[in-house]
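By convention in this document, chain letters (A, B, ...) are assigned in the order of the sequence lines, proteins followed by strands, and residues within each chain are numbered from 1.
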Amino acid sequence: MNLPNSVTEIIQGFENGKFSSQELTKAYLNRIDNLDPEINSFITVCHERALLDAKKADRSRANGSANKLTGVPYANKDIFCTKGVRTTSGSRMLDTFISPYDATIVERLGSQGMVMLGKTNMDEFAMGSSNETSFYGQVNNPWNTNCVPGGSSGGSAAAVSAGFTPVATGSDTGGSIRQPAAFCGISGLKPTYGRVSRYGMIAFASSLDQAGPMGRSVEDLAHLLAPMAGYDSRDSTSSMVKTEDYFGNLEDELKGKTIGLPKEYFSTNLDRQVEGVIEEAIKEFEKLGANIIEISLPTTSLSIPAYYVISSAECSSNLSRYDGVRYGHRCELPTDIEDLYKRTRSEGFGEEVKRRLLTGTYVLSSGYYDAYYRKAQQIRRLIKDDFANAFTQVDAVISPTAPTTAFKAGEHQDNPVEMYLGDCFTVASNLAGLPALSVPAGFVGGMPVGLQLIGSYFQESKLLTLGHMFQKSTGWHQHFSRDESKGAQ
Amino acid sequence: MSWEIVIGLEVHAQLATSSKIFSGSSTEYGAKANTQASAIDLALPGVLPVLNKKVLDLAIMLGLAIDGEIASESIFSRKNYFYPDSPKGYQISQYDKPIISRGQLKFVNNGEEKMINITRAHLEEDAGKSLHGEFERSTAIDLNRSGTPLLEIVSEPELRSAQDAVMYLKELHCLLRTLGICDGNMQEGSFRCDANVSVRKTEDPELGTRTEVKNLNSFRFVERAINYEAARQVEVIEEGGIIKQETRLYDPEKNETRTMRSKEDAHDYRYFPDPDLLPITITAEHIARIAKDLPETPWNKRLRYLKDYGVSIEDAEILANSPETSVYFEVCMRQSTLSPKLIANWIIGELSALINKSSVTISKSPIVPERLVSVLKKIEDGTISRKTAKHLLGLMWDSNSSADQIIADEGLSQVSNNELLEKVISQTLTNFPSQVEEYKTGKLKILGFLVGQVMKQTKGKANPAMVKALMEKNLRQST
């Protein structure tokens, strides 16, 4: 069968009896089996479980108890705990870990009747911007397999791009949904901090982590966001602000909307061709009736250092639980407790994770706390204030998602800081807790370019409108990296 | 020039909640290992803490009782260290913004009233237990206790003797129990104490270097450990040595303290605000709500017993120091117009004796306040003597029958019938003529012997006061 191109099309297909969930699920699983060896976007594929869930979905559709999303397949980033299915967070440390419980979002998508195809590859513990730090090997960009898919949700982005799944979950601590979405030519949304429950999402940096949807179109993001979003009593940082109807305003006119162009974002190491694509996109928004004004976010240059101090500090504490005592990797024949800790953690963690644990331990240690951690928190406050100020004038802030298109695998191997600088447009919205969307906006040298729209708190709906109207008029989201007709048989 | 001991105490009081501070697991003591450890207590990947709001109420109660500052915003911080029974690799505690600060506690030592400043009281979670020796060559971990809510109460270094320290602790222990904040069970570790001890010459304005003595799980150990540690420090200094700042462990078997870790080995805990938990906000309304139902402190209760009931200081202490006993006493007071002293005497005397012989507590005593009151009323109206009342109380301990029923069944009622008594008395006077003569010659003390004979004849059931009066009348008449 020819795979459908969107969740909307799948829902129609179910309703028209064009295909069953079982047929569709089988087709996606076949495509994964046939084509993923080249991409490596999945760590675990759940053949049996997916077909069983699809069968259940078909039955409930037959007896009239189905929801809109019942039977729709999706892929889960391997950072979300799934009961009975191995959850690795891309690390050797959790290679054998099978969670006894479901993450809240897994539970919620499951209760919609959605069918989980498998768990997607990712940078180890979500630390990375290239998916090269995964214990399960790098993921290759479906547009050019010599290039990285971005990270850390590189597996999810590549899987959606290659047509292995219609939608996927991702998590974003400093750009981990948006940057891979941009590199793989798909759409991705990082919601407002607190909008989606973090319960069962393996923590990297608790004050920055936020789960969100990834898909080909903004409309598909809305489909996945609706069940993911909402208050969860198991996450103390989860928000009680009411969720919106993410479809109701999708077709709103852009006339009267103001989009801010932060001048600081266009004076950095931005690739000239990428800049050109963004300028075209800005013209498109003007054509759609939006008003574009220049704004200033003066603390922009401070966001990368503040981000790496705070995220490293939090992860150094969050990852202390991986000690070889209760679950996960344990070294062979430890001689004493010290030896158990040292070897378990030396063996279980990869290089990038260790680098951040050391950095985080350092910035929190006595005598350095004020100079690093406290200062970073002060900067964080200033960044928030910058945005609060901007949102008194604009509905959204526009920028490139990343300063370049997907780079070659291994390109930044010897210089991690160079890679960190690639996060310059994405980390500020995590520090401020703001929602941000990345949508495809064109190509440079055959590789996709992502456009970022940052909104004010809990205004996901407004961002989705902007993204959807842009996609409706440009169609950049309908360029696919892989022939849709292959591999499904 | 003499030495002065300076002591500050850190008390860990387990809060009396039925579930843990950040998970829904039960806190009940003594369950099978790891049966009260949820995904959260095990620190599985992805889990998050959610605060048990009950602990805030309990902390506020203490804050009110010690007249401390209750922070409108306080923060949970992570204390990072690796230990196998600390599953997250950090303990959730409070660091620079504790929930309670700057309180005071009054207590009495040797008749002298003292007041000690309490620096802070903060909320934190307990660790699990490492069990060495359960398995060969390995350590077992029990996480049942992990996540149990604790309130750490830190005093200023204002205590000046081991005895002071013990009396302060007893007062705090009593306060926590009375407020219902902590069950105070020291065997189960619900109330634990570390002591910071230093010594200095009395005229020295500077404090000496302190050591922290751990593992003090009884009042007796606190006293002995402090005395040992102070003597050790004096000896070191007098021999020209210096005290190293360190943590020492008290060994009750050898009655000594030993180095546990030196300051150089001290952890850098890398405290930082826990990003998984929002700041705790406490409103004035919340505090008012708790204040409205705050139980009376033992200190105020003792004063009230002295002033309103006129009981002795010793009795006031015994009654007020145990929340169960004071409840018992006050129920008795409400249910009768008997004299407070009479009730106090019987609670502290006979009832306590019966309770001590069995293993129940006063709140579980088969002699509930109503039953004690019914016995005491029988003494007051002359139905039974005090001696019979003791006997009756013993019978009631093992029976559900009422005092009246047992008095009737066992024939315990005093003989107050004049006619019957007259008969026994005149018989006695006839039987002991020489004693009667002695009385008549002025040896009035012999009366006691004659009354005793009547009591013997009546098997103790005669009303002794009545016998005495009738006997005197008879003797006067026969002259």
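Only the side chain of A:F97 comes within less than 4.5 Å of a heavy atom in chain B; its backbone stays farther off. For B:D276, the parts lying under 4.5 angstrom from a heavy atom of chain A are both the backbone and the side chain. For a residue to count as touching a neighbouring chain, one of its non-hydrogen atoms must lie under 4.5 Å from one of that chain's; by this rule A:Y322 touches chain B with the side chain only. At a 4.5 Å heavy-atom cutoff, A:S99 makes no contact with chain B through either its backbone or its side chain. Interface remark: A:L94 contributes side-chain atoms only to the contact with chain B (heavy atom separation under 4.5 Å). A:A313 touches chain B through its backbone: at least one of N, CA, C or O sits under 4.5 Å from a heavy atom, while the side chain does not. Contact annotation for A:Y101: only side-chain heavy atoms (C-beta onward) come within less than 4.5 Å of a heavy atom of chain B. Contact annotation for A:F125: neither backbone nor side-chain heavy atoms come within less than 4.5 Å of a heavy atom of chain B.
A:E352 and A:K354 are not joined by a salt bridge, as no carboxylate oxygen comes within less than 4.0 angstrom of a charged side-chain nitrogen. Salt bridge status for A:R330 with A:D323: absent, with no side-chain N to carboxylate O gap under 4.0 Å. Of the charged side-chain nitrogens involved, at least one lies within less than 4.0 Å of a carboxylate oxygen, so that B:D126 and B:R145 count as a salt-bridged pair. Classification of B:R261 and B:E246 as a salt-bridged pair fails, no side-chain N sitting under 4.0 Å from a carboxylate O. Ion pairing between A:K77 and A:D172 fails under the 4.0 Å rule for side-chain N and carboxylate O. Between A:D370 and A:K375 there is no salt bridge, since no side-chain N of the basic residue sits under 4.0 Å from a carboxylate O of the acidic one.
Of the listed residues (B:L44, B:L278, B:N80), the greatest number of heavy-atom pairs within a distance under 4.5 Å of chain A belongs to B:L44. Interface remark: of the candidates A:V325, A:L319, A:N318, A:N318 forms the most heavy-atom pairs closer than 4.5 Å to chain B. Between chain A and the options B:Y90, B:F272, B:Y81, heavy-atom pairs under 4.5 Å are most frequent for B:F272. Interface summary for chain B: among A:S206, A:S317, A:S236, A:G200, the most heavy-atom pairs under 4.5 angstrom belong to A:S317.
Side-chain N or O atoms of A:T192 include none that pairs as donor or acceptor with a backbone N or O of A:R195 at under 3.5 Å. B:K20 places a side-chain N or O within donor-acceptor distance of the main-chain N or O of B:S146, the cut-off being under 3.5 Å.
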